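Note that this is a predicted model, so its numbers are computed, not measured.
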Amino acid sequence: MFGKNAKVNMELNREVELMLKDAKANDGLLPIVQAGEPVLRHRTARYNGQLSKSTLKKLIETMRHTMLEAPGVGLAATQIGLGLALAVVEDHIRDDEDDPREVAEFPFHAIINPVYTPVGEKTASFYEGCLSFDGYQAVRRRWVDVDAEWDDEHGQRHKERLHGWPARIFQHETDHLSGELYIDKAEIRSLTTYENLEDYWCDDPVPTDAAKQLGFEL
């Protein structure tokens with residue numbers, strides 16, 4: 001559990017309840033803050049029971065609904081203006097068996113106080129987007145394999161080795177909680193709108209010819 005001496009922060013709990021009430025009036029959707037909002041650059045506070053169990057449960061459910069409707073495969077608390085070390089992730093296998101990103105089933109998780117450690121030295125570069133940098137994607141190099149650790153909503157610690165696309169999702173959301181956006185370490189010359197990504201580059205997440213034109217190596 002989240003510490004025997006953990007105490008609910010009543011002021012924060014009220015603020016989150018008001019946030020959830022507003023979301024309920026908006027089809028259950030939380031507003032997603034965009035790049036430039038200071039909260040996206042703040043390191044989050046470790047979660048140790050600041051919210052009541054019922055509020056935490058409702059928050060996780062609402063974050064999941066917001067993520068799926070966006071649509072996205074991850075949503076960090078900072079992206080809804082909340083400075084707690086909490087995120088939700090979920091992705092499912094598509095029909096494209098030749099996807100070089102190594103997409104794999106990634107069931108829904110609430111990841112609280114997540115951290116990751118690279119395994120080996122292998123990295124991969126693929127286009128990546130962000131719900132808080134809406135309308136654009138850019139190539140980002142990330143670790144292919146990581147050891148991921150997190151607490152669930154019941155305070156139980158988990159550790160799992162993640163590979164490929166699930167590892168990328170976990171890294172992306174965990175980085176959010178330390179104030180980092182994917183664009184900070186992306187190949188800036190690869191930055192493109194969703195429309196242009198689909199029109200010019202979507203046959204391969206990072207076509208070799210495009211990589212040469214954009215001035216970086218894979």
Q: Quick check against the 3.5 Å criterion: does Asp27 have a side-chain atom that pairs as donor or acceptor with the backbone of Leu29?
A: no

Q: I would like to know whether Phe108 and Arg64 meet side-chain contact (heavy atoms from CB on, under 4.5 Å); could you show each step before the answer?
A: CA-CA 8 Å; Phe108 173 74; Arg64 183 187 188 189; 3.5 Å; yes

Q: I'd like to know if the side chain of Asn113 and the backbone of Trp150 have a donor-acceptor N/O pair within less than 3.5 Å.
A: no

Q: Kindly say whether Leu40 contributes a backbone atom to a donor-acceptor pair with the side chain of His42 at under 3.5 angstrom?
A: no

Q: Do any N or O atoms from the side chain of Gln50 and from the backbone of Asn48 form a donor-acceptor pair under 3.5 angstrom?
A: yes

Q: Please answer whether the main-chain N or O of Pro114 pairs with a side-chain N or O of Thr174 as donor and acceptor at a distance below 3.5 Å.
A: no

Q: State plainly whether one hydrophobic cluster holds both Tyr116 and Val73, where clusters connect Ile, Leu, Val, Met, Phe, Trp and Tyr through side-chain heavy atoms under 4.5 angstrom apart.
A: yes

Q: Which value, rounded to the nearest 0.5 Å, describes the distance between His109 atom NE2 and Glu173 atom CD?
A: 13.5 Å

Q: With rounding to the nearest 0.5 Å, note down the distance linking NZ in Lys185 to CD in Glu128.
A: 12.0 Å

Q: For the pair Glu37 (side chain) and Val33 (backbone), establish whether a donor and an acceptor sit closer than 3.5 Å, ignoring hydrogens and angles.
A: no

Q: Between the side chains of Arg41 and Glu180, is the shortest nitrogen-to-carboxylate-oxygen separation below 4.0 Å, so that they form an ion pair?
A: no

Q: Indicate yes or no for a side-chain donor-acceptor contact from Gln79 to the backbone of Ala76 under 3.5 Å, with no hydrogens or angles considered.
A: yes

Q: Using modelled atom types only, decide if a donor and an acceptor are shared between the side chain of Asp184 and the backbone of Leu181 within a distance under 3.5 Å.
A: yes

Q: Taking 4.0 angstrom as the limit, do Glu153 and Lys57 come out as a salt bridge?
A: no

Q: Can a cation-pi geometry be assigned to Arg140 and Tyr127, taking NZ or CZ under 6.0 Å from the six-membered ring centre and within 45° of the ring axis?
A: no

Q: Tell me, do Arg142 and Asp175 make a side-chain contact under 4.5 Å, heavy atoms counted?
A: yes

Q: Are any side-chain N or O atoms of Thr55 and backbone N or O atoms of Leu51, one a donor and one an acceptor, separated by less than 3.5 Å?
A: no

Q: Give a yes or no on whether the backbone of Glu11 and the side-chain of Asn9 come within a donor-acceptor separation of less than 3.5 Å.
A: yes

